[in-house]
Colleague: 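Quick one: structure below, then a few questions.
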Amino acid sequence: MVKVPRQFSAFFLSEKAVMATERYNPRASEPKWQKAWADAKLFQTRNDDPRQKYYVLEMFPYPSGRIHMGHVRNYTMGDVVARFRRAKGDNVLHPMGWDAFGLPAENAARDNRVNPREWTYANITAMKGQLKTMGLSLDWDREIATCDPSYYKHQQKMFLDFWRAGLVERKSAKVNWDPVDMTVLANEQVIDGRGWRSGAVVEQRDLTQWFFKITSMAEELLDGLDTLDRWPDKVKLMQANWIGRSEGLLIRWPLAEGTAPAGETELEVYTTRPDTIFGASFMAIAADHPLARKAAEKNPALQKFIEEVRQTGTSVAALETAEKKGFDTGIRVVHPFDPSWFLPVYVANFVLMDYGTGAIFGCPSGDQRDLDFANKYGLPVIPVVMPEDADAENFRITEEAYVDDGVMIHSRFLDGMKPKQAFEEVATRLSGISIGNRPMAERKVQFRLRDWLISRQRYWGCPIPVIHCENCGAVPVPDADLPVRLPGDVTFDKPGNPLDHHPTWKHVSCPQCGKAAVRDTDTMDTFVDSSWYFARFTDPWNEEAPTTLSVVDGKGGWLPVNQYIGGIEHAILHLLYSRFFVRAMKRTGHLNAVEEPFEGLFTQGMVVHETYKGPQGWVTPAEVKVEDIDGERRATLIATGETIAIGPIEKMSKSRKNVVDPDDIIASYGADTARWFMLSDSPPERDVIWTAAGVEGAFRFVQRVWRLVSETAPALQSVAPAFATDGDAAVLSKAVHKTLKAVGEDIERLSFNKAVARIYELTNFLSAPLGAIESAAADCLPALREGVEILVTMMAPMMPHLAEECWSAIGGKGLVAERPWPAFNPQLVVDDEVVLPVQINGKKRGDLTIRRDADQLAVEQAALALDFVQKALGGKPPRKVIVVPQRIVNVVG
RNA sequence: GCGGGUGUGGCGGAACUGGUAGACGCGCUGGACUCAAAAUCCAGUUCUGGUGACAGAGUGUCGGUUCGAUUCCGACCACCCGCACCA
C-alpha cells in the first residue's frame, strides 16, 4: 500500500530510546486497566441515556466450569463491536449471563453427589473470573442466570400467559423413553437405538406432554425471514427448509363399499402432485393411522405387521437401511374420476403419521420410492409425465421413475397439459365434487415444522407451573404463587425424576376446588430459557414482570438486538424458538412492537487445532513439542521424547485432547494477545486454526507496538497532535487517515481480519527503521503524535489493555476506552497523483504516474508517450486505447 | 436423494460493483547485532528459465463472453455443511 519513507523514523532509534525500552508486561498491565474501567463504571449502561442505542450480544454460555477458546473467540468479536460502537458515540448494551439449567448439572449430581445448584453456581463463579481476565467491556450489573427463581418466575408467568392465549397445548406424543434412567431422551441422545447414558434399549412411548404451538406461527416465521437483511443467507435458508412449506391438495378418496371397516367412508390424503392422479396405483397409510388400527382389529396378521413397524426405530440409521414394506389391508378406494377404478390400501412402514394426513397415494412412475414399492408388490406402473420430446406410445417406466417437468400422458382430460396446469385442473374439478357434505378436494398449505415439545422429565430446569386435579384437570398455578421453586433437598440415588419422588413437593391442593392434587413434575426444555434472555437483559431488575415495556422495545427501547453473535450450531432451534417467543410475548403483552429478536446475526467459525496421537492415545498440545526439520513438521512427546503422529485439524474437544486452555494463554501472553490472535488471519465466519506460532506472532506484535510507542513517547509527550497536508509529514498523515478510514469500515463489516492487517501495515509504516535525515523528523512530530494517537485508538477495541498502556505512555488524558473514534480527514485519503497500471493487450507492462484529475485524453496521450508503449507498438498506431479513470490503461495494438 | 457453501503461494488468507493476483500474518532463506544464543532489525520469498535487466506460466478442471476474468456464463471434479422415507 504505502512505501515506507525512512526519514520519519529517523529519531526513533536514538540510542537512549532503545536503552529505555522495556518489554510490555501484560500480567502487570491488564489487571490495572481492568480495575480502572471498573472503577470508572465505564461499561454500566443506563436505560435512560438519551444517545442512540446499540445492543450487541453474544450467545450466553452454559456454565460448564471453564471457558474454552470458542468462548474467547465469540466474546472477543462481540467486545470489539461493543467498544467500537461506544467509541462511535452510541449507548451500548453489552450484557452477560448464564444458560444455567441443563443435564450436566444433574449428571454431576449423580456422579459426584453434589447439589446441582451448588455445582452450577460454583461454575459460574469460576467462569466469571476467567471472563474478567479477558478485559471484556460487559455490564455485569445486568448479569442473569436462568436457574435463578428471579428469572424463571417470569418464564413460568409467560408459560401461563401463552397458555391462556392458546399458544400452549397438552397432547399425547411419541417420545424416546429410556426405561433405566426413566426419562425422555432427545433424538440426539439415542445412539444406535440405546440411551446415551444408560445404554438401555430405548422404547417409543406415548406420553401426554406440553407443547408450544409454534406451528400456528409457521407462516409468519417463514415470511419474517425475508425481513432479516443482516442474517446470513445460509441460516435463513436452513430455517426456511426446517419450516418446510409446501402447497398441495387434500383429496378425500371414497372407500369402496364392503371393503372398509364399519363407519369408515373415506381416506384423506395430502399430495403436492395431484396432477399425477391418473398414475396412482395404490394408497399407503401409516401404521398408526386410525384406519390401520381399525382394520387390524379383525386381522391378526395386519396387527402383527403394525407391531413390527412400530418396533423399527425412528433413528436415522434405522430409516436408511429399512426395507420398504407394505401390507395389503384388503380395503379399496375408488378413483375420484372413475367409479369403476379401485385401488388397494396398504399399511406401509415408510409413511409418517405426523406429516400430512398420514396417508399417501402412490404414483410409481413419478416417484422412485413408490416405484420400488409397486415393483415389489406387483402393482401397475402408469407413466403420466414424460419429457416433451418423448413418444407417448413407447414411453415406459421400469426401474427409474421420471421426476422432472414434462407433458401429461395417459391422463384422460389432462393429456397434453404441463403438470402445473394439470394440478390446477384437478384441484378445480375435485373441489366441485362433493363427498359427504364436503368437497372431494381442498387446497392446503402443509408445513414440515412440528410443535415444540417442552416437557422434560428432569430436575434441573424450570418447573412447569401447573397443578393436576382429578376434578378440574390441568390447572394453572395462580400468579400470586409464582415462582414454583425447585426444591433444594433432592436425591439422585434413584433413577427417574427427583421431583417425582420427592416426598412432599408435588403434593398440593387444587387452586380451584381445594381438593388434594399434584404438581406437574416435568420441567421445561432449556431452549425455553434461552428464548427470551435477550429481553430480560434490558431490565433484569424488574421483579414484577418479565420485561419493562418502556425500555424493552419500540421507540427508544433496546430490542431488537442490533448485533447477535454466536455459533452456527444454533442456526435452527435456538434462533427459531427465539423468533417464536418474541411473537408470543408480543401477543401476550410482554413486548410492544418488535418484529424480530435479532436484527443482525453473525455466525462465527470454530476454533480448531491439530491433533496428536501417541502410542498411548491422544495427547494434548501442551505435552507435545513440534519442530520444523527440513520443512517437515515433527512432533515429540516432551516427557519421553517419543515420536507423536500429527493428526488432522479438528474442532477443539476433550475426546481428541486438542484443547488449549484460555487460562494458560492469558497467563503467559495476556488477554490482548489471545484477543488479537483470534481476530487475525481467519475471516470471522470461518474456522480459525489455533497454532503456537500464531500466538507467538501476535505476542510479538504486542511488543512491537509497545516498542514503537514507548520509544517515541519521550519525543511526543509535549507535542500537540495535528495532521499535515503538505511536505513530508503529509505522507505520514495520509497513511494514518487512510488506515483510519479502512479500519472503521472493516470493523463495521465485522471484517476483523482485514482491520488487523491494516493496523499491522500502519505499525510497520510508523516504526520503519533508521533512515538518513534526522532533521526532517522534527517537522513531522505533530503528525506523528496524531498518528500514534490514532493507532492506539484504533487498536483499542481489539487490544484494550495495551491501548491504555500506550495512551498513558504518551501522556494521554483519561482512558482510551472513553475516547471517541476519530474522524478521518477526507482530503487526506485521496492522493493528488495516481499510479495507473498500463497494459498492452491486457498484460501489465508498466506504470503511469499522473494527476488524479487528468482527463481521459490526457491519460491516453501520456500513456502512448511512454517508452515501453512506443516500443511495443513499433511505430504503428494503437487499434484501441481503453482508459478507466483512476484505474487502468489498456493499449490494444 | 434434496438444498447450500468452498476451492488463490509451503500455510492462514487479501483483491471494493470485471481493472496491477498474492495485501497482512505465519513459516522459510540470507544478512546485521552478539564470544554465543535468545530477542530485535534489514533484505528476499507464486512457479519455471536466466548472474542479470527480463521472459513465460499461474486463482480446482475444461470451455465461453470481454480490450481485460479470482470476479460473469456453461459443463465437470474435489471437499465441507444442513435436511432427509416430507407424500
Side-chain angles (χ1 to χ4, degrees), chain A residues 1 13 18 21 23 232-235 237-242 244 246 248 269-273 276 284 286 314 316 318-320 322 324 348-352 354-363 366-370 372-373 403 446-449 568-569 571-572 628 630-631 633 676-677 680-683 685-689 691-698 700-701 703-704 707 742 745 749 751 753-764 767-770 835-847 878-884 886-893:
Chain A
M1 147 205 171
L13 300 184
V18 173
T21 303
R23 278 166 77 85
D233 288 339
K234 182 191 166 105
V235 174
L237 191 72
M238 280 164 72
Q239 291 215 354
N241 289 341
W242 188 262
S246 71
V269 160
Y270 175 75
T271 177
T272 55
R273 295 294 304 274
T276 64
T314 49
V316 177
L319 290 177
E320 245 167 41
K324 310 283 172 271
N349 64 349
F350 59 83
V351 180
L352 306 171
D354 48 5
Y355 184 79
T357 62
I360 62 164
F361 78 77
C363 172
D367 182 289
Q368 192 59 46
R369 188 195 53 205
D370 292 349
D372 295 344
F373 191 84
V403 295
Q446 181 72 40
F447 295 94
R448 210 191 67 107
L449 184 70
I568 186 75
E569 67 274 18
I572 298 175
D628 206 308
D630 299 331
R633 300 183 66 248
W676 186 252
F677 177 69
S680 313
D681 294 355
S682 289
E685 69 278 8
R686 284 203 221 169
D687 291 350
V688 62
I689 305 171
T691 61
V695 183
E696 294 280 351
R700 269 204 299 277
F701 181 68
Q703 296 299 346
R704 195 136 58 90
R707 248 188 339 268
E745 289 167 357
R749 279 189 229 122
S751 300
N753 57 322
K754 291 183 220 165
V756 163
R758 307 277 188 190
I759 291 176
Y760 266 113
E761 250 173 354
L762 184 65
T763 307
N764 290 346
S767 51
L770 185 65
V835 179
L836 296 180
V838 179
Q839 297 182 328
I840 290 164
N841 296 325
K843 276 200 180 296
K844 190 200 167 189
R845 290 298 135 126
D847 292 321
R879 277 203 295 154
K880 203 170 174 185
V881 179
I882 287 145
V883 177
V884 182
Q886 288 150 52
R887 283 278 187 201
I888 203 165
V889 181
N890 190 9
V891 180
V892 185

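In what follows, chains are A, B, ... by sequence order, proteins preceding strands, each numbered from 1.
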Colleague: Rounded to the nearest angstrom, tell me the gap between atom CD1 in A:Ile882 and atom C1' in B:G18.
Modeller: 12 Å

Colleague: Which value, rounded to the nearest 0.5 Å, describes the distance between A:Phe373 atom CZ and A:Lys324 atom NZ?
Modeller: 10.5 Å

Colleague: Roughly how many Å apart are B:G68 and B:G19, using the P atom of each and rounding to a whole number?
Modeller: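 It comes out at 15 Å once rounded to the nearest Å.
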
Colleague: With the side chain of A:Pro683 defined as its heavy atoms from C-beta on, choose the nearest nucleotide among B:A87, B:A21, B:G13.
Modeller: B:G13

Colleague: What is the distance, to the nearest angstrom, from the CD atom on A:Gln239 to the C1' atom on B:G4?
Modeller: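 Answer to the nearest Å: 15 Å.
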
Colleague: So A:Asn241 and A:Arg448, side chain to side chain donor-acceptor pair (under 3.5 Å) or not? Walk me through it.
Modeller: CA-CA 8 Å; A:Asn241 289 341; A:Arg448 210 191 67 107; over 6 Å; no

Colleague: Of the options B:C41, B:A87, B:G25, whose atoms approach the side-chain atoms of A:Arg707 most closely?
Modeller: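 Nearest listed nucleotide: B:C41.
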
Colleague: Using the C1' atom as the reference point in each nucleotide, state the distance between B:A69 and B:A32 in Å, no decimals.
Modeller: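 Looking at atom C1' only, B:A69 and B:A32 are 44 Å apart.
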
Colleague: Scan A:Tyr355 against the nucleic acid and name what it touches under 4.0 Å (heavy atoms): base, sugar-phosphate only, or nothing.
Modeller: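 Here A:Tyr355 touches the bases of the nucleic acid.
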
Colleague: Please classify the glycosidic conformation of B:G63 as syn (within 90° of 0) or anti (everything else).
Modeller: anti

Colleague: Pick base, sugar-phosphate or nothing for A:Lys844, based on heavy-atom distances below 4.0 Å to the nucleic acid.
Modeller: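 Base contact.
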
Colleague: Between B:C42 and B:C33, how many Å separate the two C1' atoms, rounded to a whole number?
Modeller: 11 Å

Colleague: Are the side chains of A:Ile759 and A:Trp676 in touch, meaning some heavy atoms are under 4.5 Å apart?
Modeller: yes

Colleague: Between B:C67, B:C85, B:G82, which nucleotide gets closest to the side-chain atoms of A:Phe350?
Modeller: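 Nearest listed nucleotide: B:C85.
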
Colleague: For the P atoms, the ones on B:G25 and on B:G52, what distance do you get once it is rounded to whole angstrom?
Modeller: 26 Å

Colleague: Would you say a side-chain N or O of A:Lys843 is under 4.0 Å from OP1 or OP2 of B:A57?
Modeller: yes

Colleague: Does the side chain of A:Asn753 get closer than 4.0 angstrom to OP1 or OP2 of B:A14 through an N or O atom?
Modeller: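 Checking B:A14 against A:Asn753, a side-chain N or O does come within under 4.0 Å of OP1 or OP2.
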
Colleague: Heavy atoms only, 4.0 Å cut-off, all strands: where does A:Arg845 land among base, sugar-phosphate and nothing?
Modeller: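 Sugar-phosphate contact only.
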
Colleague: Does any donor atom in the side chain of A:Ser246 or A:Tyr270 lie under 3.5 Å from an acceptor atom in the other side chain?
Modeller: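 Yes, because at least one side-chain N or O of A:Ser246 sits under 3.5 Å from a partner of the opposite role on A:Tyr270.
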
Colleague: If you check every side-chain atom of A:Lys754, which of B:C83, B:A14, B:C86 has the closest atom?
Modeller: B:A14

Colleague: Between B:C47 and B:A53, how far is it from one P atom to the other, in whole Å?
Modeller: 15 Å

Colleague: Reckon A:Arg879 touches a base, only the sugar-phosphate, or nothing at all at heavy-atom distances under 4.0 Å?
Modeller: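 No contact at all - A:Arg879 keeps every heavy atom at 4.0 Å or more from the nucleic acid.
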
Colleague: For RNA chain B, produce a single dot-bracket line, 5' to 3'. Pairs: Watson-Crick or G-U wobble, both distances under 3.5 Å. Symbols: ( ) within strand, [ ] crossing, | other strand, . unpaired.
Modeller: (((((((..(((......[....)))((((((.......))))))((((....))))..(((((..]....))))))))))))....

Colleague: Just how far, in rounded Å, is P of B:C24 from CG of A:Asn764?
Modeller: 7 Å

Colleague: Drop me the distance from A:Leu836's CG to A:Lys844's NZ, to the nearest 0.5 angstrom.
Modeller: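 So the CG of A:Leu836 and the NZ of A:Lys844 are separated by 11.0 Å.
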
Colleague: Which pairs, protein N/O on one side and nucleotides 46-50 of chain B N/O on the other, fall under 3.5 Å?
Modeller:
none

Colleague: From CZ of A:Phe677 over to P of B:G25, roughly how many Å is that when rounded to an integer?
Modeller: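 Rounding to the nearest Å, CZ of A:Phe677 and P of B:G25 are 15 Å apart.
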
Colleague: Between B:C2 atom C1' and A:Met238 atom CE, what is the distance in whole Å?
Modeller: 15 Å

Colleague: In whole angstrom, give me the gap between the P atoms of B:G50 and B:G12.
Modeller: 30 Å

Colleague: In this structure, how many angstroms lie between the P atom of B:A84 and the CG atom of A:Leu449, rounded?
Modeller: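 Checked: the CG to P distance equals 12 Å.
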
Colleague: Could you check A:Asn241 against A:Gly694 and say which one's nearest nucleotide on RNA chain B is further toward the 5' end?
Modeller: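 Of the two residues, A:Asn241 wins.
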
Colleague: Quick check: any donor-acceptor pair below 3.5 Å linking the side-chain of A:Lys324 to the base of B:C85?
Modeller: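 Checked by distance alone, the answer is yes.
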
Colleague: With A:Asp354, which residues qualify under salt bridge (charged side-chain N to carboxylate O under 4.0 Å, His left out), at least two apart?
Modeller: A:Arg450

Colleague: Let's see if you can work this out: which of B:G3, B:U6, B:C24 has an atom nearest to the side-chain heavy atoms of A:Arg686?
Modeller: B:U6

Colleague: If we only count heavy atoms from C-beta on, is the A:Lys234 to A:Ile568 side-chain gap below 4.5 Å?
Modeller: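 Yes, at least one pair of side-chain atoms sits under 4.5 Å.
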
Colleague: To the nearest 0.5 angstrom, please state how far the CG atom of A:Asp367 sits from the CZ atom of A:Phe361.
Modeller: 10.0 Å

Colleague: With the side chain counted from C-beta on, respond yes when A:Ile888 and A:Gln839 share a heavy-atom pair under 4.5 Å apart, and no when they do not.
Modeller: yes

Colleague: Using the P atoms only, state how far B:C11 lies from B:G1, rounded to an integer number of Å.
Modeller: 32 Å

Colleague: Does A:Val884 reach a base, just sugar-phosphate, or nothing at all? Heavy atoms under 4.0 Å.
Modeller: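 Base contact - A:Val884 has a heavy atom under 4.0 Å of at least one base atom.
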
Colleague: I want to verify a distance call: between B:C85, B:G3, B:A84, whose nearest atom is closest to the A:Arg448 side chain?
Modeller: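 When the side chain of A:Arg448 is considered, B:A84 is the closest of B:C85, B:G3, B:A84.
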
Colleague: Please report the distance, rounded to the nearest Å, between CH2 in A:Trp242 and C1' in B:G82.
Modeller: 10 Å

Colleague: Contact class for A:Ser680 vs. all strands (heavy atom < 4.0 Å): base, sugar-phosphate, or nothing?
Modeller: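 The residue A:Ser680 makes no contact with any strand.
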
Colleague: Between A:Ile572 and A:Asp354, just flag the one whose closest nucleotide in RNA chain B comes earlier from the 5' side.
Modeller: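 Residue closer to the 5' terminus by nearest nucleotide: A:Ile572.
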
Colleague: In whole Å, what separates the P atom of B:G7 from that of B:C73?
Modeller: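 Comparing P positions in B:G7 and B:C73 gives a spacing of 15 Å.
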
Colleague: What's A:Val351 touching, base or sugar-phosphate or nothing? Going by heavy atoms closer than 4.0 Å.
Modeller: base

Colleague: Please evaluate residues A:Arg369 and A:Ile360 with respect to the criterion side chain to side chain contact (heavy atoms under 4.5 Å, CB included), reporting the C-alpha separation (whole Å), side-chain torsions for both, the decisive distance (0.1 Å), and the verdict.
Modeller: CA-CA 12 Å; A:Arg369 188 195 53 205; A:Ile360 62 164; 3.8 Å; yes

Colleague: Can you find a side chain N or O atom of A:Arg700 that sits less than 4.0 Å from OP1 or OP2 on B:G27?
Modeller: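 For B:G27, OP1/OP2 do have a side-chain N/O of A:Arg700 under 4.0 Å.
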
Colleague: Could you tell me how far apart A:Arg704 (CZ) and B:U40 (P) are, to the nearest whole angstrom?
Modeller: 9 Å

